[in-house]
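Read the structure below first, then the notes.
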Amino acid sequence: MEKFALIVTEKPEAARRIAQALDYGGTPQKFEDRGVPYFLALRDRKLIVVPALGHLYTVVHQRGGRNYYPVFCFKWAPRHLVERNSKKIHTWIDVISKLADGADEFIDASDCDIEGSLIGYCVLKYACKDKENTAKRMRFSTLTKMELEAAYEERLPQLDFGLIEAGKTRHEIDWLYGINLSRALTLSSKGWSGKYATLSTGRVQGPTLKFLVDLEKEIQCFISKPYWSIKVEVELKGSIFKMEYERKTIIKRTEADVIVAACNRRSGEITNVDVRKFRQQPPFPFDLGTLQAEAYSLFRYTPRQTLNIAQHLYLNALISYPRTSSQKLPPAINYKAIIKALSEDHNFKDLTLELLKKKNLKPREGKKVDPAHPAVYPTGNLPKKQLSRQEKRIFDLVVRRFMAVFGDPAIKQSMKVSMEIN
DNA sequence: GCAAGGTC
């Protein structure tokens, strides 16, 4: 039978989109084997695109037994041998292995970050039987046809072993640190109280608990004290203005009463007007955290909700990969083409036309970077189907932030008026 | 049965 190239992705939706982008007719064939989807795309040669399902391999101790400590001996193994309820993983790996037998070229198309690179590596090494050193790498940060085609044509000759090493190390150190400290904690609490209780800690939950304990202690130690503040309404040329007393808090009620009595119903005199002009720079492009913060403050969406919505928009090729910590927009993404494409939407028309008048499109950028992805930006694709209310809001937010990044600084003015009464 | 972080 004719051999083919096997393209491995991190998840089913990515496999579907990659197959669609690479197939010359845009109509890849979908297959399913025991619940595992994969795709046949025809290009310069036969391509089979098969997804993983996140991590299929993980770390496990080499010898059994539960309560011994410390434990330093571990090995990598398929997840179904380690975790209960992962029969699905067993089938998944089996399907990939069978497909690998018919392939003579292997291409890693997992997400271009630490975890993704490790996922792709493990599939190639274990499920495909030691193909990690001969496999090529497709690098992309959006699932658009243009970028995927370029990523395929210009595939890198080898995997990024630096990222893979970082992924392995993250995995292994988290395991060593977490399992050992959890066991130590469990054993010492049993020694102390005589009762068994499973306790756990780790790289993330340990420090997080510490922050919570500190905050809780602060809350419990807080003693509230009453204070008074004085607000006044003044009439000036027939209009009422609200002002406040120069000292924001007054501890004693009697003292506040004296001040109020001295000012009430008297006329005053404006002693100073302080006008200040200042520039407000455009915002930074969105990293995931700031997108989540903004979505919460505007719409009260939880960070998890926002991530899910953004993930969905990404899978529909409307925005770039949202799991990024970058606040930078490299010129390679072609700002002008994106803004032009967005101008087709009447909601964005005025703002995009204004930006397109500019001689130079230069984004304001933040300091944060990400090794694998740029900041979140709209791809320029407009929704083909009606978006849900939530998707619409997040998409709109990403588009508007992207445009704002190229804007001129705002000139703002503030005014502080001081008045003396009695 | 103890971690963390992918995916669904």
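Heavy atoms only: backbone and side chains are in, while hydrogens, waters and symmetry mates are out. Numbers restart at 1 for each chain; the letters A, B, ... are given by sequence-line order, proteins then strands.
Residues Thr201(A) and Glu115(A) each lie close to DNA chain B; by heavy-atom proximity, the contact nearer the 5' end of the strand is made by Thr201(A). In terms of position on DNA chain B, the residue among Val204(A) and Tyr196(A) whose nearest nucleotide sits closer to the 5' end is Tyr196(A).
Using a 4.0 Å heavy-atom criterion, one finds that Thr186(A) contacts no nucleic acid atom at all. Residue Pro12(A) is in sugar-phosphate contact alone, with no base atom involved, counting any heavy-atom pair closer than 4.0 Å across all strands shown.
With sequence neighbours excluded, no residue satisfies ring pair (Phe, Tyr, Trp, His ring centres under 6.0 Å) with Tyr245(A).
The CD-C1' distance, from Gln205(A) to dG1(B), rounds to 13 Å in whole Å. Nucleotide dT7(B) holds its P atom 14 Å from the CD1 atom of Ile96(A), rounded to whole Å. In this structure, Ile114(A) places its CD1 atom 16 Å from P of dA4(B), rounding to the nearest Å. For the pair Ile93(A) CD1 and dG6(B) P, the computed distance is 18 Å after rounding to whole Å. Atom-to-atom, CH2 of Trp92(A) to P of dT7(B) comes out at 13 Å; the value is rounded to the nearest Å. Taking atom CZ of residue Phe74(A) and atom P of nucleotide dA4(B), one finds them 16 Å apart after rounding to whole Å. Taking atom CG of Leu307(A) as the reference point, atom P of dG6(B) lies 10 Å away to the nearest angstrom. With rounding to whole Å, Leu56(A) atom CG is found 18 Å from dG5(B) atom P.
Contact check on Asp94(A) versus Lys98(A) returns a salt bridge, with a Lys/Arg side-chain nitrogen under 4.0 Å from an Asp/Glu carboxylate oxygen. Salt bridge Arg170(A)/Glu115(A): present, at least one basic N to carboxylate O contact under 4.0 Å.
Relative to the side chain of Lys11(A), the nucleotides dG1(B), dC8(B), dG5(B) differ in distance, and dC8(B) lies closest. Side-chain proximity of Glu83(A) to the nucleotides dT7(B), dG6(B), dA4(B) is greatest for dA4(B). Which of dC2(B), dT7(B), dG6(B) sits closest to the side chain of Arg79(A) comes down to dG6(B). The side chain of Glu10(A) sits closest to dT7(B) out of dA3(B), dT7(B), dG5(B).
Ring geometry, Phe348(A) versus Phe395(A): the interplanar angle exceeds 60°, so the pair is classed perpendicular (tilted spans 30 to 60°).
Using a 4.0 Å cutoff on non-hydrogen atoms, the parts of residues 165-181 of chain A near DNA chain B are Arg170(A), His171(A), Asp174(A), Trp175(A), Gly178(A), Ile179(A), ordered by number.
Side-chain contact, Tyr301(A) with Arg393(A): a donor N or O sits under 3.5 Å from an acceptor N or O. Side-chain polar atoms of Gln327(A) and Lys368(A) form no donor-acceptor pair below 3.5 angstrom. A donor-acceptor contact closer than 3.5 angstrom is absent between the side chains of Trp228(A) and Glu255(A).
Dashed line: the shortest gap from a side-chain N or O of Thr198(A) to OP1 or OP2 of dG1(B) is not under 4.0 Å.
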